[in-house]
Number of protein chains: 2
Amino acid sequence: MRAKIILEENELPENFININYYLKKFLGKLPDPPLNPETHKPVGAADLEAIFAKELIKQEATLKEVVGIPEEVRKKMSGYRPTPLFRAGSLEKILDTPAHIYYKYEGASPVGSHKMNTALVQAYYNRKQGIKTLITETGAGQWGSALSLACFYFGLKCLVFMVRISYDQKPYRKTVMNIYGAEVRPSPSATTEYGKLLLKDNKNHAGSLGIAISEALESVVKGREARYSLGSVLNHVLLHQTVIGQEAKKQMEKTGEYPDIIIGCCGGGSNFAGIAFPFLADGLKGERENTKFIAVEPESCPSLTHGAYRYDFGDSAQMTPLLKMKTLGSDFIPSPIHAGGLRYHGVAPQVAFLHEEGLIDSKTYGQPEVFKAAIIFARSEGIIPAPESAHAIKAAIDEAIRARDEGRKKVILFNLSGHGLLDLGGYEGYLAGHLK
Amino acid sequence: MRAKIILEENELPENFININYYLKKFLGKLPDPPLNPETHKPVGAADLEAIFAKELIKQEATLKEVVGIPEEVRKKMSGYRPTPLFRAGSLEKILDTPAHIYYKYEGASPVGSHKMNTALVQAYYNRKQGIKTLITETGAGQWGSALSLACFYFGLKCLVFMVRISYDQKPYRKTVMNIYGAEVRPSPSATTEYGKLLLKDNKNHAGSLGIAISEALESVVKGREARYSLGSVLNHVLLHQTVIGQEAKKQMEKTGEYPDIIIGCCGGGSNFAGIAFPFLADGLKGERENTKFIAVEPESCPSLTHGAYRYDFGDSAQMTPLLKMKTLGSDFIPSPIHAGGLRYHGVAPQVAFLHEEGLIDSKTYGQPEVFKAAIIFARSEGIIPAPESAHAIKAAIDEAIRARDEGRKKVILFNLSGHGLLDLGGYEGYLAGHLK
């Protein structure tokens, strides 16, 4: 049985909160800035204006404590936010643990994941600037779906480059984007120079997220009238996701408890940041100590856990500014696991910095143990989780078992970033014993 | 933009409300009872005890005004109930209508539809009676998914006969049931005499809901230790769904409005009954008049609109008691439309009776116009509806347009009985222009 902690519509956050403000003020240092790959000097706002809406560039570099959420965006968010926080009573019972397990459920958004939070803000500011089209890439399709709907809401065209192997294997994701009015192209495609180059070598190229980013960027630069939109990694994207943790804090207050352990799965880093940053701010301010933060990655793509902390490109064609990340190398192609949203060679500069500073931990899990945890969760809490989110579940279960073994009550909070109803192929494979 | 009207957990109904009580008291008559097909006399409780849990048989025939919801069931329901009611502001704007459109969203349940409401009650009472296994059938898979999860919650085994054509075409529905621990067999199967008979004639028999019911019933009768569970049609199933309308009434009170028109899609009749009966009770009591109720069917399976009002079997093998329904004949095989949940030859005796008495209306729509309405809805409200529920949307849109043309403000309430994330094949076909 799960108990639900809900907030009223008027408890929807009014601001995003900025982790860089707290890092500068209380830690006295900041993540290194993005560099121009030619000059190796920090990228200026003007360099980015051909790519991103101006307001988002401003947010990327801001040191203000809070950034207001535009009223039109809050109205759209209020259709699905505040999202519920659940106490996982049945799961606790099955695990026979003294731990209290809570999860924030972002799958309640109309597109089924947390990606809607930033999609709305990005579409809004592009529209406000008079931009007519947003171009992006998508792997598993969560991000593409969210941006498609946000663009439709704000009257923008949306073009999505979708990693070809996902385009072919998950046709329903494309259908979702089409329902929301977006154009979806398999990547590599014959519509960009970079795509053509890759297809010349291999007509059946499976594609990758890094390649799709390159194609999207090339289309933006070439078209001049469109802008690019990214669903993770960048400061402004992580900033938008802080609505998750802010709501979770209010909801935890209602339970009278404060989490000892906070967990999120980690690909680019945005859903982890969303749940963690508002609590991390408490720690930086000195209001809380000993809160443990765990970013969970797949064994096959352990950017944060095993990547090098260095400047690297965000895409395969090396068109992006250099970002100081933990990275497996921009030419790294992860194995085709079902948690497509975690298959990215790098991790957000802010998350990498926090890890390097020892403020957050990370751990990795293999695919079968993650699906096993997902099924335990579905059978106790009813929700079939996205394979990405199931990484967080696995870590939460492990922490709850550790609490049992140590005989200590621990309060565990994790972010259930999305449901898995469009990822059932992975479950089918797992149940049939085909997953490695 | 949609506005959300939520209820607190303590506003979850404490009782189911019984339409038969109101019919008897205020109309002075009742739907005709089920008959034993051999004696043509009303079926007694004892005749049904091999098939259903005793408490459910009692509920089937009760004339009490209310039936209490067991506390354990309420606790499970409180994980997803009360479900939200939304004002469809964006849809109203697109339609440029003075109508106010509200929808109750039952897709918020963990299995994505209203079916969970009755599944929990049925699993609970069977478990309480010491039954170990529930056997059922499923067409599109919504009902099978709900009963699988409810059985897991209450420690019962679950066996589902799934119409073979759906089993083959919608493998992910089977995966959902497997995740929840159920065994799923394609129907016709080689595990029943009736199934074997059909397979002997045609090894590749596509199956039908009527056939799957027959196989489930045969397995129950043969096994003796299991019981049967039905997801619609019967009085007790409709009774359980009245939580929907009771909540909707409270939510409408909060808006200060009362619906002029109440709409639900109609297959067996349970989601329509769920939203309509509590409001119908107001009308029978004389507290409200002129409320219009519309049950919406597919053109290809118009049981309520064009069926004969007579006694008929509920299944193909003619094993069930005779039910006084509106029916297209128990041998009617509807064309394979995507709204699989609406492909049943009959309609609930209570709904048929109300239609015959002129207390409710019905209408039918073709598949393409229903998908067109579904896409308008997805692009305004964000939610991709189940093809079944999209029938209600189409009717709501038509009523809103009529209100615009007549220049009259109408308050329209419809039941969005489920989301369509496991039905994207239909959308893909529609968008590609393949649907007739």
Side-chain angles (χ1 to χ4, degrees), chain A residues 1-9 72 75-82 84 86 89-90 108-112 116 145 148-150 152-153 170-176 178-181 371 374-375 377-384 419-432, chain B residues 1-9 72 75-82 84 86 89-90 108-112 116 145 148-150 152-153 170-176 178-181 371 374-375 377-384 419-432:
Chain A
M1 176 192 23
R2 50 186 195 171
K4 187 166 55 171
I5 298 109
I6 54 177
L7 297 176
E8 295 290 326
E9 194 165 318
E72 270 192 75
K75 275 188 190 162
K76 284 291 178 196
M77 280 186 175
S78 73
Y80 67 95
R81 302 207 74 85
F86 291 104
S90 299
S109 94
V111 296
M116 198 66 201
S145 309
S148 300
L149 179 57
F152 197 90
Y153 277 159
K170 298 188 177 184
Y172 289 162
R173 281 286 187 195
K174 172 171 68 80
T175 304
V176 170
N178 290 154
I179 288 173
Y180 293 141
F371 273 101
I375 284 175
F377 185 78
R379 289 181 181 178
S380 50
E381 300 297 309
I383 299 167
I384 299 174
H419 65 63
L421 294 179
L422 293 172
D423 306 279
L424 289 166
Y427 283 92
E428 199 181 10
Y430 173 74
L431 290 169
Chain B
M1 173 196 21
R2 50 184 193 170
K4 188 165 51 171
I5 298 111
I6 53 177
L7 297 177
E8 295 291 326
E9 194 165 318
E72 270 192 73
K75 276 188 189 162
K76 285 290 178 195
M77 280 186 175
S78 73
Y80 67 94
R81 303 207 74 86
F86 291 105
S90 298
S109 95
V111 296
M116 198 65 199
S145 309
S148 300
L149 179 56
F152 197 91
Y153 277 159
K170 298 188 176 182
Y172 289 163
R173 281 284 186 192
K174 173 170 68 80
T175 304
V176 170
N178 290 154
I179 288 173
Y180 293 141
F371 273 102
I375 284 174
F377 185 79
R379 288 181 181 178
S380 51
E381 300 298 307
I383 298 167
I384 299 174
H419 65 63
L421 294 179
L422 293 172
D423 307 279
L424 290 165
Y427 283 91
E428 199 182 11
Y430 173 74
L431 290 168

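This structure is a prediction, so every number in the text was calculated from the model and none was measured. Note that these values count all heavy atoms, side chains included, but never hydrogens, waters or copies made by symmetry.
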J.: Please look at B:Arg173 and chain A and tell me whether the side chain, the backbone, both or neither of the residue comes under 4.5 angstrom of a heavy atom of that chain.
T.: neither
J.: Would you check if the side chain of A:Tyr180 reaches a backbone N or O of B:Gly382 as a donor-acceptor pair within less than 3.5 Å?
T.: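 Answer holds: yes.
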J.: Sequence neighbours left out, what passes salt bridge (Lys or Arg N to Asp or Glu O under 4.0 Å) with A:Arg379? Give chain and number order.
T.: none
J.: Could you report the tightest heavy-atom contact between B:Ser109 and B:Met116, atom names first, then the distance?
T.: OG-CB, 3.9 Å
J.: Counting only non-hydrogen atoms closer than 4.5 Å, does B:Leu149 touch chain A with its backbone (N, CA, C, O), its side chain (CB onward), both, or neither?
T.: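 It is the side chain, since no backbone atom gets that close.
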J.: At a 4.5 Å cut-off on heavy atoms, which part of B:Ile179 comes close to chain A: side chain, backbone, both, or neither?
T.: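 B:Ile179 touches chain A through backbone and side-chain heavy atoms alike.
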J.: For A:Leu422, which atoms come within 4.5 Å of any heavy atom of chain B: side chain, backbone, both, or neither?
T.: side chain
J.: Using a cut-off of under 4.5 Å on heavy-atom pairs, state which of A:Ile375, A:Leu431, A:Val111 scores highest against chain B.
T.: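 The residue among A:Ile375, A:Leu431, A:Val111 with the greatest pair count is A:Leu431.
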J.: I want to check something: taking the side chain as every heavy atom from C-beta on, are B:Asn178 and A:Glu428 in contact at a cut-off of under 4.5 Å?
T.: no
J.: In terms of ring plane angle, is the pair A:Phe371 and A:Tyr427 parallel, tilted or perpendicular, where the classes change at 30° and 60°?
T.: perpendicular
